[in-house]
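First the proteins, then the strands, lettered A, B, ... as listed; each starts at 1.
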Amino acid sequence: MVKPSIPKGTRDFTPVEMMRRNYIFDTIRSVFHRHACLPIETPAMENLSTLMGKYGEEGDRLLFKILNSGDFTKGVDFQNDEQSVNHLASQLCEKGLRYDLTVPFARFVVQHQGELTFPFKRYQMQPVWRADRPQKGRYREFYQCDVDIIGSNSLLNEVELVEITGEVFRAFGIDIVMKINNRKILTGIAEIFCNADQVTDLCVALDKLDKIGREAVCAEMLERGIAQTSIDGLSPLFELGGLSNHEVLDKLATMLSASETGMKGVEELRTVLDYVAKLQIPIQLEVDVTLARGLNYYTGAIFEIKAKDVAMGSISGGGRYDNLTGIFGLKNMSGVGISYGAERIYDVLNELNLFPPHIMTPITAMFVNFGGDDELYALQGLKRLRDANIPSEIYPDPVKMGKQMNYANAKGIPYVIMAGENERSQGVYTLKNMQTGEQQALQIDDIIGIWMKNPK
RNA sequence: GCGGUUGUAGCUCAGUUGGUUAGAGUACCGGAUUGUGGUUCCGUGGGUCGUCGGUUCGAAUCCGACCUGCCGCCCCA
């Protein structure tokens with residue numbers, strides 16, 4: 001016997017969980033549709049060359065690689081030194097599981113550029129895989145819900161993503177704060193206070209400010225080779241907490257006046273904030289200079305969303321990328337997108353008890369099976385209910401009634417319909433309300449009528 | 001990938017300094033109850049004590065490795 005188990009960091013979903021997950025996907029999808037976004041899907045596996053090198057060194061390590069089929073050792077140059085591990089992997093594996101939806105999307109856009117109309121607004125809700133060490137809220141297989149607008153530099157797209165985000169989380173009833181920053185600001189800071197090529201080191205350290213505090217951040221910067229004089233120059237950055245968005249931007253404008261890129265970033269943020277304010281989009285938007293995010297392909301806006309009433313990592317993130325399609329040979333194709341994490345949203349809804357009750361108790365009916373001629377009579381009634389679009393079933397075996405009632409009870413079926421010899425001779429069906437215990441004999445049309453009056 | 005921690009029935013957990021046949025609650029199945037569930041009572045079944053190896057006369061218990069869940073780091077939804 002094989003002990004049933006699934007790979008580390010993966011999960012099964014029970015019917016209860018699936019109904020809740022579907023509620024999440026359906027809700028997000030309806031917002032995407034309202035914004036005229038179009039769905040696409042891409043394969044679970046991509047060519048490894050499509051994925052490698054797109055997520056930084058750390059990302060490459062977290063990629064699931066797929067062993068070639070057939071005689072995968074043929075012609076492979078085996079060497080045991082550490083440096084050759086990547087080389088060996090590239091000989092043994094030509095495919096890998098996708099790490100996110102953005103890079104496959106960039107590949108998709110380049111490959112299908114002739115068939116697409118730009119600016120292209122697409123959404124995609126599919127699983128991604130990461131060979132990370134699992135923890136709570138952290139899995140090796142999880143779903144992302146991405147929306148991207150590609151082929152346009154307009155900041156209206158950033159504004160729309162803010163708007164979409166507001167709509168999504170309002171639909172869920174989750175109170176969020178959306179943090180926004182701009183990669184150009186970070187570049188400007190690096191240019192002025194450090195060296196232009198230290199943006200990544202600067203960002204990685206700065207990103208941890210709210211987690212490990214100012215001193216530890218400075219220590220990490222030193223460790224990463226940023227000069228003490230540079231760090232001293234950065235000190236105004238640590239004192240932006242508590243200021244309004246406009247005050248933060250004013251300070252940044254002063255600090256970055258010598259950097260053309262930095263000033264552009266400030267201007268972009270100003271424009272987005274301005275639109276959001278004038279359109280009165282109801283969302284708490286917060287400029288946060290320490291927001292960096294690891295992905296190195298972001299070039300403009302950077303987003304991150306956190307739920308306010310629950311301690312958890314970010315539930316969404318995104319940003320603008322100017323050159324993602326460039327690596328696949330298509331230039332001048334700027335895009336901006338955001339990704340909503342389905343399982344994180346699930347955990348937040350669960351913890352705050354925000355799942356609507358009706359998704360758990362669908363209105364259904366079950367016919368008791370009395371066997372013999374009664375069975376056919378019940379099936380005829382069942383067909384009428386289904387024709388009327390009422391979710392319903394019949395217990396498949398004519399077993400003891402207690403057992404059938406028990407099934408209905410355990411499954412949370414709110415209505416049981418009984419039709420035996422007595423009912424059949426009178427052409428009626430006995431409808432029993434499982435909550436109140438009341439029951440009455442009715443024509444099938446009257447039973448249907450009851451549903452029509454109470455669709456929920 | 002690094003460090004820490006966890007694992008006993010489907011589920012939640014007891015199990016004495018290492019000592020006969022590893023228990024309880026709950027769930028499941030059957031019965032009390034041949035057209036009435038959620039309450040109650042009775043009974044049956046169910047375990048390679050995560051896996052493999054080691055120490056020992058003897059291991060659920062001690063040791064090691066691996067697997068899994070969780071926590072921290074790294075990174076991230």
S.K.: Rounded to whole angstrom units, what separation is found between the CG atom of A:Asp374 and the C1' atom of B:U36?
M.R.: 15 Å
S.K.: Rounding to a whole Å, what distance do you find between A:Arg138:CZ and B:G1:P?
M.R.: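 Taking atom P of B:G1 as the reference, CZ of A:Arg138 is at 14 Å.
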S.K.: How would you label the contact of A:Tyr340 with the nucleic acid (heavy atoms, under 4.0 Å): base, sugar-phosphate, or nothing?
M.R.: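 The answer is nothing, as A:Tyr340 stays clear of every strand by at least 4.0 Å.
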S.K.: Find the partner of B:U33: check Watson-Crick (N1-N3 plus N6-O4 or O6-N4) and G-U wobble (N1-O2, O6-N3) distances, both under 3.5 Å, and reply none if neither fits.
M.R.: none
S.K.: Say whether, by atom type as modelled, one donor and one acceptor occur between the side chain of A:Glu343 and the main chain of A:Tyr143 under 3.5 angstrom.
M.R.: yes
S.K.: Kindly give the heavy-atom pair with the smallest separation between A:Ser314 and A:Arg344, and that separation in Å.
M.R.: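 For A:Ser314 versus A:Arg344, the nearest heavy atoms are O-NH1, 2.9 Å.
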S.K.: NA contact type, A:Gln404, heavy-atom cut-off 4.0 Å: base, sugar-phosphate, or nothing?
M.R.: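 Nothing: the residue A:Gln404, judged by heavy atoms under 4.0 Å, touches no strand.
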S.K.: Kindly point out which of B:C29, B:C73, B:C2 is positioned nearest to the side chain of A:Arg133?
M.R.: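 Within the option list, the nearest is B:C2.
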S.K.: Select base, sugar-phosphate, or nothing to describe what A:Gly59 touches, counting heavy atoms under 4.0 Å on all strands.
M.R.: nothing
S.K.: Please work out if A:Glu304 contacts a base, only the sugar-phosphate, or nothing of the nucleic acid, heavy-atom cut-off 4.0 Å.
M.R.: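 Answer is nothing: A:Glu304 stays at 4.0 Å or more from every strand.
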S.K.: For B:G31, does OP1 or OP2 lie under 4.0 Å from any side-chain N or O of A:Lys400?
M.R.: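 For A:Lys400, the contact criterion (side-chain N or O under 4.0 Å from OP1 or OP2 of B:G31) is met.
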S.K.: The side chain of A:Phe142 is closest to which nucleotide in this list: B:A77, B:G35, B:C76?
M.R.: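 The nucleotide sitting nearest to the side chain is B:A77.
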S.K.: Answer yes or no: is there an ion pair linking A:Asp445 with A:Arg384, defined by an N-O contact shorter than 4.0 Å?
M.R.: yes
S.K.: For the side chain of A:Ser230 and the backbone of A:Ile226, is there at least one donor-acceptor N/O pair under 3.5 Å apart?
M.R.: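 Not a single qualifying donor-acceptor pair exists.
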S.K.: Quantified in whole Å, what is the P atom distance between nucleotide B:A22 and nucleotide B:C13?
M.R.: 23 Å
S.K.: Within the modelled atom types, does a donor on one side and an acceptor on the other bring the side chain of A:Lys432 and the base of B:U36 under 3.5 Å apart?
M.R.: yes
S.K.: Using only modelled atom types and a 3.5 angstrom limit, is any donor from either the side chain of A:Glu423 or the base of B:G35 paired with an acceptor on the other?
M.R.: yes
S.K.: Kindly point out which of B:G37, B:G35, B:G30 is positioned nearest to the side chain of A:Met401?
M.R.: B:G35
S.K.: Taking NZ from A:Lys8 and C1' from B:C66, how many angstroms apart are they, rounded to a whole number?
M.R.: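 After rounding, the reported distance stands at 11 Å.
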S.K.: Using the C1' atom as the reference point in each nucleotide, state the distance between B:C29 and B:U68 in Å, no decimals.
M.R.: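 Between the two C1' atoms, the distance is 30 Å.
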S.K.: Could you identify the nucleotide paired to B:G25, looking across every strand shown and requiring Watson-Crick or G-U wobble geometry with both distances under 3.5 Å?
M.R.: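 By the stated definition (distances under 3.5 Å), B:C11 pairs with B:G25.
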S.K.: With a non-hydrogen cut-off below 4.0 angstrom, is A:Asp132 in contact with a base, only sugar-phosphate, or nothing?
M.R.: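 A:Asp132: base contact, heavy atoms under 4.0 Å.
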S.K.: Return whichever of A:Gly317 or A:Gln439 has its heavy-atom-nearest nucleotide of RNA chain B closer to the 5' end.
M.R.: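 Going by which nucleotide is closer to the 5' end, it is A:Gln439.
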S.K.: On a plain distance test, is the side chain of A:Arg11 in donor-acceptor contact with the base of B:G69 below 3.5 Å?
M.R.: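 No, the side chain and the base share no sub-3.5 Å donor-acceptor pair.
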S.K.: Counting the atoms with a prime plus P, OP1 and OP2 as sugar-phosphate, which does A:Ser5 contact under 4.0 Å by heavy atoms, base, sugar-phosphate, or nothing?
M.R.: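 Since no nucleic acid heavy atom lies under 4.0 Å of A:Ser5, the category is nothing.
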S.K.: Looking for any heavy atom pair under 4.0 Å, which part of the strands does A:Gly9 touch: base, sugar-phosphate only, or nothing?
M.R.: sugar-phosphate
S.K.: Have a look at A:Lys208 and say if it touches a base, only the backbone sugar-phosphate, or nothing, with a 4.0 Å heavy-atom cut-off.
M.R.: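 Sugar-phosphate, no base atom in range.
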S.K.: Could you measure between the two P atoms, the one in B:G53 and the one in B:U48, and give it in whole Å?
M.R.: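 One P to the other, the span is 16 Å.
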S.K.: Does a nitrogen or oxygen in the side chain of A:Lys136 sit under 4.0 Å from OP1 or OP2 of B:C70?
M.R.: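 For B:C70, OP1/OP2 do not have a side-chain N/O of A:Lys136 under 4.0 Å.
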S.K.: Send over the distance from A:Asp60 CG to B:C75 P, rounded to a whole Å.
M.R.: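 To the nearest whole Å, that distance equals 15 Å.
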S.K.: If I take atom OH in residue A:Tyr297 and atom P in nucleotide B:C76, what distance separates them, rounded to the nearest angstrom?
M.R.: 10 Å
S.K.: Between A:Leu234 and A:Ile189, which heavy-atom pair has the shortest distance, and what is it?
M.R.: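 Smallest heavy-atom distance, with atoms named: CD2-CG2, 3.3 Å.
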S.K.: Could you state the atom-to-atom distance from CE of A:Met405 to C1' of B:G38 in whole Å?
M.R.: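 Distance, rounded to whole Å: 10 Å.
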S.K.: Hey, which sits more toward the 5' end of RNA chain B by its nearest nucleotide, A:Asn409 or A:Glu220?
M.R.: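 In this pair, the answer is A:Asn409.
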S.K.: Please state the P separation for the pair B:C67 and B:C52 - nearest whole angstrom.
M.R.: 15 Å
S.K.: What is the separation between atom CD on A:Glu343 and atom C1' on B:C76, rounded to the nearest whole Å?
M.R.: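 Interatomic distance, CD of A:Glu343 to C1' of B:C76: 13 Å.
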S.K.: Mind checking the P distance from B:C49 to B:A59? Whole angstroms is fine.
M.R.: 12 Å
S.K.: Please determine if A:Arg21 and A:Glu17 form a salt bridge, counting it only when a charged side-chain N lies under 4.0 Å from a carboxylate O.
M.R.: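 A salt bridge is absent here (no side-chain N lies under 4.0 Å from a carboxylate O).
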S.K.: Any chance you could lay out the side-chain contact (heavy atoms from CB on, under 4.5 Å) test for A:Leu48 and A:Glu94, step after step, and finish with the verdict?
M.R.: CA-CA 5 Å; A:Leu48 208 46; A:Glu94 57 183 23; 5.7 Å; no
S.K.: Find the distance A:Lys411:NZ to B:G38:C1' and express it as a whole number of Å.
M.R.: 17 Å
S.K.: Take atom C1' in B:G3 and the same atom in B:A60, then report the distance between them in whole Å.
M.R.: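 So the two C1' atoms sit 28 Å from each other.
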S.K.: Roughly how many Å apart are B:G43 and B:G50, using the P atom of each and rounding to a whole number?
M.R.: 30 Å
S.K.: Looking only at atom types and distance, does a side-chain atom of A:Asn182 sit under 3.5 Å from a main-chain N or O of A:Lys184, one as donor and one as acceptor?
M.R.: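 The answer is yes, because a donor-acceptor pair under 3.5 Å joins these two groups.
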S.K.: Quick check on B:G72: is either OP1 or OP2 less than 4.0 Å from any side-chain nitrogen or oxygen of A:Gln135?
M.R.: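 A:Gln135 to B:G72 OP1/OP2: side-chain N or O found under 4.0 Å.
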S.K.: Suppose you measure atom P in B:G30 against the same atom in B:C66; what distance do you get, rounded to whole Å?
M.R.: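 After rounding to an integer number of Å, I get 46 Å for this pair.
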